[in-house]
Amino acid sequence: MQTQPSIQLWRLPRVIAETGLSKSEIYRRIKEGTFVPQIKLGARAIAFDSSAVQAWIKSVIQGAAK
C-alpha cells in the first residue's frame with residue numbers, strides 16, 4: 001500500500017520568514033504570476049503549499065547562480 005506524501009500548508013508569516021519577502025511584495029508577485037499562488041482556506045484565511053514555496057526559493061537561488 002502506497003502512502004500519499006503529506007502536504008504541508010504554510011500560513012503567510014511562515015512564507016515571509018522563509019522567503020525574506022514582505023507581505024506586500026508577496027502579493028505583488030502573486031498578482032504578476034511570479035510567485036506561488038495562495039490557497040484559500042476560508043473567508044479570511046489563506047495558506048501556501050510549502051513544497052511549492054520551497055521550489056520557488058530553489059529556482060531563485062539557481063537563477064542567481066547563473
- Message: If the test is side chain to side chain contact (heavy atoms under 4.5 Å, CB included), which one of Ile30, Leu9, Ile39 qualifies with Phe48?
- Response: Ile30

- Message: Under the rule for ring-ring contact (aromatic ring centres under 6.0 Å, His included), what residues qualify as partners of Trp56, not counting sequence neighbours?
- Response: Phe35

- Query: Are Ile26 and Ile61 in one and the same hydrophobic cluster, where Ile, Leu, Val, Met, Phe, Trp and Tyr link if side-chain heavy atoms are under 4.5 Å apart?
  - Reply: yes

- At their closest point, which heavy atom of Ile46 faces which heavy atom of Arg11, and how far apart are they? O-NE, 2.9 Å

- Task: Specify the closest pair of heavy atoms between Leu12 and Lys23, including all atoms of both residues, with the distance to one decimal.
- Result: CD2-CG, 3.6 Å

- Item | Cluster check Leu41, Val53: I/L/V/M/F/W/Y, side chain < 4.5 angstrom | no

- Query: What's the spacing between Arg14 CZ and Ser50 OG if we round to 0.5 Å?
  - Reply: 7.5 Å

- Taking 4.0 angstrom as the limit, do Glu32 and Arg29 come out as a salt bridge? no

